[in-house]
*Asks:* 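The structure's right below; bear with me while I get my questions together.
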Amino acid sequence: MSTTEAKSAAARKKPRFELECSPQIRGYQKQWYADLRQRVVEGGEKFALTEAMTPHEILEAMDIPFVTNEWWSGIVTAHRQSPYYFDLLEEKGFSPGLERYCALSLAGALDKGAHPEPAWGGLPQPSLFVQGMPEATRVEFGERNAIEHGVPFISLSPPQTGQPMPLRWWEVARHGWEALCPTWQLDYMTDKFWDMIHQLEDIFGAGFDMDRLREVNGISNQQQAVFEEVRDLIITAPKAPVALSEMLGNVMAIQWQRGTPWALEAAIQLRDEIKARVDAEKWTCPNEKYRFAWVGPGLWQNTAFYRMFEDSHGAVFVQSMYMSLAIDGYPRYGADPVRALASRYCAFGIGTLDWQAHEALTHRCDGIVTVKSSVSGLLRKVLADADLPLLVLDIDLVDARTWDEKAVQEAMGRFIEDEVEPRRQRRLAGV
Amino acid sequence: MAGKSTAMEEARKLAAAGKRVVAIIGWRVPTEPVRAAGLRPVHIAPDLSQPTPDADELLSAEAKPPLRALIQTLVSGDLDFAELIVFAPPFAPVSVQLEDLRRMGLLRESVPPTYYFETMMLRGERQRQFAIERTRAFARRLAALDGQPIPGKALEAEVVASNAVRRSALALLETRGTTSAPKGSAVMDALGAGDWLAPADHVATIEGLGAPTGNGPRLVLVSSSVLGNSRVHGLVEEAGANIVAEDDIYGSHFATEEIAEGTGDPLEAIGSFIHDNQPMQRTSPPELRRAWYHEQLRRADVDGVVFYAEDPIWGWDVPAMRAAAAAAGKPTTTLLLDVQLKPEKALAQLSEFVRSLAGETNA
């Protein structure tokens with residue numbers, strides 16, 4: 001069976017959306033972008049292109065429109081145009097080993113409008129590129145991206161500490177963030193954020209108001225608190241009220257708009273609908289027997305995978321890093337929102353071992369599934385210590401050519417029979 | 001310089017002779033405070049020639065060979081003789097992994113404590129102050145090994161000693177602009193011996209270098225990460241050419257500047273120097289990062305450019321740099337592999353490039 005056929009077969013079995021709000025959330029994104037694009041192209045409005053690991057709340061508070069670079073890559077990829085732009089990057093001399101996924105905005109700039117039907121009309125000319133990841137190669141990429149767009153560049157790359165995150169960081173991150181990272185690191189990043197604010201004032205002619213940032217950050221915190229209520233519903237409901245594959249898109253669409261009234265309202269709508277499903281005992285997999293967490297970045301090449309074993313095994317996926325990170329990694333409270341937001345990027349808990357095990361256990365997962373690139377010996381040990389069986393699939397997260405449905409089904413079937421079910425029996429027997 | 005194996009051997013010898021060794025893993029860590037504290041700094045680089053069974057077990061399938069090699073070195077106790085292990089970019093992930101292992105009780109008690117030193121890529125006054133403060137903090141950590149502050153006079157003396165090395169290095173580097181330029185590999189080895197030699201011995205090594213003259217086309221080397229060894233230079237020479245300049249702190253940038261002497265605050269002077277002299281690979285903005293390269297393209301005596309990316313995640317600047325070279329009439333070749341892992345393939349590519357240069361010269 002070809003990759004496409006496999007995906008189609010899996011997709012046919014399940015509706016794409018079970019929640020009424022899902023198509024509305026997706027539709028809002030598209031309309032929001034169309035409106036922004038029109039204002040930029042026809043009205044000459046300025047906007048910033050920013051990486052995901054940057055304080056969007058500050059731009060929001062200054063009424064500066066922005067597009068998230070990673071989100072844009074997702075849109076281009078969803079339109080199946082990434083091969084065109086990857087080929088273009090190689091044609092222009094960029095080596096295939098460079099991290100291409102996040103470079104689709106750069107490829108668009110190099111293409112100079114040559115693609116006949118760019119995704120959602122294409123990305124218009126930004127007025128600024130803001131970069132946030134710490135690696136030198138990411139700074140180099142950001143500078144190149146800014147040069148090719150002909151715009152100023154701001155790097156918010158944080159200095160590294162060489163230390164792992166404190167254990168159980170998620171218990172203190174919301175309010176006690178000052179204790180999560182060294183003062184010298186936080187001081188530097190706070191200063192950098194202030195530098196950025198002044199640059200934004202110059203580039204966009206925008207004003208900065210601390211009370212407005214407090215308000216935006218407050219909305220962002222409220223949204224994550226609503227997400228937390230959703231997580232609690234998923235954790236405490238007898239069975240999963242919503243499919244992980246559907247949640248992935250909803251969570252990310254809302255996250256990219258965090259700090260706006262729309263994002264908060266969308267999160268509330270999502271929560272209310274999921275709560276209604278819990279109250280009505282409407283489950284995504286009525287015959288749910290096994291619950292799983294997915295560790296690491298999502299299986300974007302085939303999200304139908306997450307529902308593939310519901311009918312055959314009663315297996316549902318209930319947890320991934322995306323919503324958990326929104327809830328545990330993003331909220332920052334405190335009187336000084338600039339410093340609070342700076343702390344988020346000094347101490348970002350993504351991928352921490354104890355957090356992954358904690359999340360799987362609190363979601364009552366019977367096992368963990370991931371791919372080779374997301375697992376280390378340390379993770380294996382942490383999961384083994386937590387008595388969480390682990391299945392590692394030998395497939396690529398984004399390259400659909402590596403998909404082998406028969407092999408994946410066999411591996412999952414064996415995993416459930418050989419490891420997950422025996423663990424379940426042990427637990428039922430109180431062993 | 002013979003890479004990690006030599007540095008490791010020398011470090012072991014120093015420790016066996018009773019010297020107190022600080023192992024440095026990464027680039028641009030100030031060594032003056034280390035020496036002033038009565039310790040011997042030795043730079044340790046990843047050795048990709050050794051098997052990594054423990055690291056393979058601990059790390060993900062995606063972990064790069066240098067990360068595996070360093071973790072293997074550390075967990076197997078090869079650096080247990082050191083009093084302190086200092087990590088610096090680009091090896092923050094190694095430091096994090098090591099401390100995660102320690103926290104989980106998976107590391108032997110004998111593995112020394114670690115410290116992480118980093119200054120920012122971006123240059124500016126805020127970054128300069130940051131570098132100075134990080135240097136002061138590093139000195140405090142070193143002082144804590146003995147429970148007493150590092151004497152200011154000792155620091156001043158070590159600044160003077162470092163500058164003496166830089167002056168002798170500068171004299172050596174200037175010979176590369178002549179028609180009898182020494183072999184690039186010999187220059188790199190002499191400069192790299194500072195990874196373990198005391199400054200006075202390093203000066204003697206540099207000044208005593210009777211390097212044979214390089215042959216063939218004269219090339220500039222631009223590496224995506226700090227070289228730390230002469231492997232690429234050696235392969236270029238085997239291919240029939242000579243590297244006469246490299247965009248690297250182990251080569252042409254070794255002696256770019258000196259640390260200010262007699263300022264009364266040597267730590268401030270050292271921190272300021274570190275800020276001003278980051279490896280080019282870790283310098284921002286790009287105009288500053290690439291200014292030296294564009295100067296080299298204007299040199300009439302340079303015949304071509306070798307770009308080297310041991311890890312292909314690097315190289316966002318390379319297409320623009322290749323275009324600049326083409327505009328300047330300088331042919332280029334790009335090695336997208338680790339010469340430690342694939343020397344034969346690298347040599348074949350370099351040989352073809354050198355032959356093409358010779359063809360152009362003949363034509």
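Letters A, B, ... mirror the listed sequences (proteins, then strands); counts begin at 1.
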*Asks:* Quick one: which of A309(B), A61(B), P286(B) has the most heavy-atom pairs under 4.5 Å with chain A, could you say?
*Replies:*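 So the answer, after comparing A309(B), A61(B), P286(B), is P286(B).
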
*Asks:* Determine the minimum heavy-atom distance between W316(B) and L106(A), stating which atoms define it.
*Replies:*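 Between these two residues, the closest heavy atoms are CZ3-CD2, 3.6 Å.
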
*Asks:* Working to the nearest 0.5 Å, report the span between CD of Q185(A) and CZ of R134(B).
*Replies:*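 The CZ atom of R134(B) is 9.5 Å from CD of Q185(A), to the nearest 0.5 Å.
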
*Asks:* Taking E57(B), E118(B), E62(B) one by one, which has the highest count of heavy-atom pairs under 4.5 Å against chain A?
*Replies:*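 Going by pairs under 4.5 Å, I would pick E118(B).
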
*Asks:* Chain A: which of F91(B), F130(B), F87(B) shares the most heavy-atom pairs with it under 4.5 Å?
*Replies:*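 Looking at each option in turn, the highest pair count goes to F130(B).
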
*Asks:* Around atom CD of E352(B), are there more than 12 heavy atoms from other residues, nucleotides or ligands closer than 6.0 Å?
*Replies:*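 At most 12 heavy atoms, drawn from other residues, nucleotides or ligands, come within 6.0 Å of this atom.
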
*Asks:* Stepwise, does the side chain to side chain contact (heavy atoms under 4.5 Å, CB included) test hold for K192(A) with Q127(B)?
*Replies:* CA-CA 10 Å; K192(A) 280 294 293 177; Q127(B) 289 70 30; 4.0 Å; yes

*Asks:* Once you round to the nearest 0.5 Å, how far does CG of D100(B) lie from NZ of K381(A)?
*Replies:*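 D100(B) CG to K381(A) NZ: 12.0 Å, rounded to 0.5 Å.
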
*Asks:* Return the CG to CG distance between L379(A) and L58(B), rounded to the nearest 0.5 Å.
*Replies:*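 Going from CG on L379(A) over to CG on L58(B), the span is 12.0 Å.
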
*Asks:* Using the side-chain hydrogen bond (donor to acceptor under 3.5 Å, both in side chains) rule, collect all pairs that involve residues 154-167 of chain A, keeping only residues at least two apart or in two chains.
*Replies:*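 Output for this query lists Q131(A)-S155(A).
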
*Asks:* Pick one of side chain, backbone, both or neither for L98(B), based on which atoms fall under 4.5 Å of a heavy atom in chain A.
*Replies:*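 Contact with chain A: none, neither part.
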
*Asks:* Which one of S374(A), P159(A), S95(A) has the most heavy-atom pairs closer than 4.5 Å to chain B?
*Replies:*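 Highest number of heavy-atom pairs under 4.5 Å: P159(A).
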
*Asks:* Pick one of side chain, backbone, both or neither for R290(B), based on which atoms fall under 4.5 Å of a heavy atom in chain A.
*Replies:*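 Contact with chain A: side chain only.
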
*Asks:* Using non-hydrogen atoms only, which part of Q129(B) is less than 4.5 Å away from chain A: side chain, backbone, both, or neither?
*Replies:*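 Neither; nothing under 4.5 Å.
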
*Asks:* In terms of heavy-atom proximity below 4.5 Å to chain B, should L167(A) be classed as side chain, backbone, both, or neither?
*Replies:*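 When you check distances to chain B, atoms from both the backbone and side chain of L167(A) fall under 4.5 Å.
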
*Asks:* Would you mind telling me which of A103(A), A136(A), P96(A) has the largest number of heavy-atom pairs within less than 4.5 Å of chain B?
*Replies:*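 Looking at each of A103(A), A136(A), P96(A) in turn, A136(A) comes out on top.
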
*Asks:* Of all the heavy-atom pairs spanning V139(A) and S284(B), show the shortest one and how long it is.
*Replies:*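 Shortest heavy-atom separation between V139(A) and S284(B) comes out as CG1-OG, 4.3 Å.
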
*Asks:* At their closest point, which heavy atom of E99(B) faces which heavy atom of P164(A), and how far apart are they?
*Replies:*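 In this case the closest contact between E99(B) and P164(A) is CB-CD, 3.5 Å.
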
*Asks:* Quick check for you: to the nearest 0.5 Å, what is the distance between R289(B) atom CZ and E143(A) atom CD?
*Replies:*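 Those atoms lie 4.5 Å apart.
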
*Asks:* Can you tell which part of P134(A) gets under 4.5 Å to a heavy atom of chain B, answering side chain, backbone, both or neither?
*Replies:*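 When you check distances to chain B, no heavy atom of P134(A) falls under 4.5 Å.
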
*Asks:* In terms of heavy-atom pairs under 4.5 Å, which option from E133(B), Q281(B), M104(B), R282(B) contacts chain A the most?
*Replies:*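 Option with the greatest count: M104(B).
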
*Asks:* If you define the side chain from C-beta out and look only at heavy atoms, does anything of M120(B) sit under 4.5 Å from Y188(A)?
*Replies:*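 Contact flag for M120(B)/Y188(A) side chains = yes.
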
*Asks:* Can you tell which of S60(B), S224(B), A63(B), S95(B) has the highest number of heavy-atom pairs within less than 4.5 Å of chain A?
*Replies:*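 Option with the top pair count is S60(B).
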
*Asks:* Does any backbone or side-chain atom of V375(A) lie under 4.5 Å from a heavy atom of chain B? Answer side chain, backbone, both or neither.
*Replies:*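 It is the backbone, since no side chain atom gets that close.
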
*Asks:* Relative to chain A, which of D317(B), L106(B), T334(B), T119(B) shows the most heavy atom pairs under 4.5 Å?
*Replies:*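 Ranked by heavy-atom pairs under 4.5 Å with chain A, first place is D317(B).
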
*Asks:* At a 4.5 Å cut-off on heavy atoms, which part of D187(A) comes close to chain B: side chain, backbone, both, or neither?
*Replies:*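 D187(A) has no heavy atom closer than 4.5 Å to chain B.
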
